[in-house]
Protein chains: 2
Amino acid sequence: MRTRDEAKEVAIREKAIEMIVKEGFDGFSMQKLAKAANISPATIYLYFKNREDLLNQLYITIDEVFSDSSLRGFDPEMTFEEGLWLQWKNRFDHHVNYPNHILFMEQFRSSPLVDHKDIKITKFKAAMEQFFSNAIKRGELTELPLEIFWAIAYGPLYTLIKFHMLKKSLAGRKFSLTEAKMRDAFNLVVKALKK
Amino acid sequence: MRTRDEAKEVAIREKAIEMIVKEGFDGFSMQKLAKAANISPATIYLYFKNREDLLNQLYITIDEVFSDSSLRGFDPEMTFEEGLWLQWKNRFDHHVNYPNHILFMEQFRSSPLVDHKDIKITKFKAAMEQFFSNAIKRGELTELPLEIFWAIAYGPLYTLIKFHMLKKSLAGRKFSLTEAKMRDAFNLVVKALKK
DNA sequence: TTCATAAATGAATGAACATTCATTTATATT
DNA sequence: AATATAAATGAATGTTCATTCATTTATGAA
């Protein structure tokens, strides 16, 4: 029998992400995707049940890749400052390595296409909550509701990353996110959160 | 001659935003919009040149409403703490008054549909930059690149607002954004930014 | 009340859409 | 080399799409 060509599935996935990021959901169709991936439209249906399934698979995979990146070298037992800085670096690196992923996620997050209930609660979330409660227990943080901690700890990072992603399209502006600049922002965040 | 029915344009605009927020771009079509607004598809084309023009008009209007809300009672000469808190309150109120708008904008921001170059640089942006440079001049802030100031000052607010918008769909969670909670987060931000 | 005119329409058009299916093609096993 | 089988296909299906247009409707001005 003929064997499955793994490269085809990879091509479908990559081109799909590329297209959605570049043209939005509006410009995305199965026939255009097939053309971009140099296959027949029918081939897509060998690898994915249908359009919705394809989009869900992309979402889930991208979410997993993010989790893995974010947890690289991370341990919830780390001190607050050490652990949070590693999170900043990991997440920044992730967005540099997969610049399409954050744009893809932005298109998706508020979209009703993904059945959010299906997405399993990851070890990622558990690790983050453990890390937070450890830091409180050790008295490293002023006591805070989790959502306020979260907002102060990561809100600035994401705003910076978004600036960084956008700069390519803003001709005049010159803004590049160096590790030194991130560190400056990080130090302010620590100043806000530390006891 | 027959007169223009203003209510029709309003209905078109409101239903369009509603549909896009509820079903995403995927679920949005001129014929469905016509049905939802109780008019003929052809009528939409009396008020908007075409689909792209309609979406652009929505984007521009929503952006203007946001600017107006944000600048209500604001003066770039305000002290840093007073001015920033007013911004937080104004922006929060805005998202409470127009909960659809932030969701609409999220669908749009990274979308290639809107020709971002066409959108005029608003007095909004000028006022914000003035406010920032005043605060530096007066020595109220540690000296910072604008993008870091921006990230620390507003990143946490938007993360909080997003939590708040999401909570409706997260059955189990109970999180409501009170002014007291906002004030707690705000105080931490001030702690980070003040000299 | 009549007339002129712009608003509003429903039906029609051709293009693009997601998906299916009868064939063809490649390959692992024999 | 022959066979069996799953991969891969291009063309076709019926649906929905954005947009247009000939016609009808409502209303301010006469």
Side-chain angles (χ1 to χ4, degrees), chain A residues 1-61 104 107-108 111-115 118, chain B residues 1-61 104 107-108 111-115 118:
Chain A
M1 63 157 182
R2 195 169 172 180
T3 47
R4 215 162 222 229
D5 183 355
E6 272 184 57
K8 285 217 172 66
E9 191 185 333
V10 173
I12 293 169
R13 297 183 95 110
E14 283 177 356
K15 289 293 179 188
I17 292 170
E18 210 175 283
M19 283 178 65
I20 288 168
V21 165
K22 218 178 281 174
E23 307 180 42
F25 277 113
D26 247 26
F28 177 74
S29 82
M30 300 302 262
Q31 336 225 22
K32 283 200 229 165
L33 172 58
K35 191 158 280 178
N38 272 312
I39 53 170
S40 154
T43 305
I44 301 172
Y45 291 84
L46 296 176
Y47 294 90
F48 302 94
K49 229 178 65 197
N50 51 36
R51 187 181 131 108
E52 195 188 332
D53 179 50
L54 165 60
L55 294 174
N56 266 295
Q57 297 298 334
L58 292 179
Y59 182 90
I60 289 167
T61 301
F104 180 88
Q107 298 260 358
F108 245 88
S111 159
L113 285 170
V114 176
D115 186 356
D118 265 358
Chain B
M1 61 159 184
R2 195 166 172 184
T3 45
R4 215 160 223 233
D5 183 354
E6 272 184 59
K8 284 215 174 66
E9 192 185 333
V10 173
I12 293 169
R13 298 182 95 110
E14 283 178 355
K15 289 292 178 189
I17 293 170
E18 209 174 284
M19 282 177 67
I20 288 168
V21 165
K22 218 176 281 173
E23 307 180 41
F25 277 113
D26 247 27
F28 177 74
S29 82
M30 301 300 262
Q31 335 226 22
K32 284 199 228 165
L33 173 57
K35 192 158 278 177
N38 272 313
I39 54 172
S40 154
T43 304
I44 300 172
Y45 290 84
L46 296 177
Y47 293 91
F48 302 94
K49 227 177 66 196
N50 52 36
R51 187 181 131 107
E52 194 188 332
D53 178 52
L54 165 60
L55 294 174
N56 266 295
Q57 297 298 333
L58 292 179
Y59 182 90
I60 289 166
T61 301
F104 180 88
Q107 298 261 0
F108 245 89
S111 159
L113 285 169
V114 175
D115 186 357
D118 265 357

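Labels below follow one simple rule: chain letters A, B, ... track the order of the sequence lines, proteins then strands, and each chain is numbered from 1. Both backbone and side-chain heavy atoms feed into the values below; hydrogens, waters and symmetry mates do not.
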Which of the following nucleotides, [options], is nearest to the side chain of [X]?
X: B:Arg4; options: D:dA18, C:dG10, C:dA7; result: C:dA7
X: B:Ser40; options: C:dT9, D:dT19, C:dA18; result: C:dT9
X: B:Leu46; options: D:dA18, C:dA8, C:dG10; result: C:dA8

| said: Quick check: closest heavy atoms across A:Leu33 and A:Leu54, and the distance to 0.1 Å? | reply: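 Closest approach of A:Leu33 to A:Leu54, heavy atoms only: CD2-CD2, 3.6 Å.
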| message | Would A:Arg4 and A:Tyr47 count as a cation-pi pair here, with the cationic atom under 6.0 angstrom from the ring centre and within 45° of the axis? | response |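 Cation-pi check for A:Arg4 and A:Tyr47: passes.
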Roughly, in whole Å, what's the span from [atom1] in [X] to [atom2] in [N]?
X: B:Gln31; N: C:dA11; atom1: CD; atom2: C1'; answer: 11 Å
X: B:Lys35; N: C:dA11; atom1: NZ; atom2: P; answer: 11 Å
X: A:Phe48; N: C:dT19; atom1: CZ; atom2: P; answer: 13 Å
X: B:Met30; N: C:dT9; atom1: CE; atom2: P; answer: 14 Å
X: A:Glu9; N: D:dA8; atom1: CD; atom2: C1'; answer: 15 Å
X: B:Lys49; N: D:dT20; atom1: NZ; atom2: P; answer: 11 Å
X: A:Phe25; N: D:dC17; atom1: CZ; atom2: P; answer: 17 Å
X: A:Asn50; N: C:dC17; atom1: CG; atom2: P; answer: 17 Å

Given [N], is OP1 or OP2 found less than 4.0 Å from the side-chain N or O atoms of [X]?
X: B:Ser29; N: D:dA18; result: yes
X: B:Tyr47; N: C:dA7; result: no
X: B:Lys8; N: C:dA8; result: yes
X: B:Thr43; N: C:dT9; result: yes
X: B:Tyr45; N: C:dA7; result: no

| message | Counting the atoms with a prime plus P, OP1 and OP2 as sugar-phosphate, which does B:Lys32 contact under 4.0 Å by heavy atoms, base, sugar-phosphate, or nothing? | response |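 Sugar-phosphate, no base atom in range.
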| request: Answer with yes or no whether B:Thr3 presents, from its side chain, a donor or acceptor under 3.5 Å of a partner atom in the base of D:dG28. | output: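 Side chain to base: no pair present.
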| said: For C:dT5, does the base pair up with any side-chain atom of B:Arg2 as donor and acceptor (N or O, under 3.5 Å, distance only)? | reply: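 For B:Arg2, whose side chain was compared with the base of C:dT5, there is no donor-acceptor pair (under 3.5 Å).
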| said: For the backbone of B:Gln57 and the side chain of B:Thr61, can you confirm whether one donor and one acceptor N or O come within less than 3.5 Å of each other? | reply: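 Checked: pair present.
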| request: Give a yes or no on whether the backbone of A:Gly27 and the side-chain of A:Lys32 come within a donor-acceptor separation of less than 3.5 Å. | output: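 Yes, the answer is positive, given that a donor and an acceptor are paired below the 3.5 Å cut-off.
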| Are the side chains of A:Phe25 and A:Leu55 in touch, meaning some heavy atoms are under 4.5 Å apart? |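 Yes, close enough: below the 4.5 Å cut-off.
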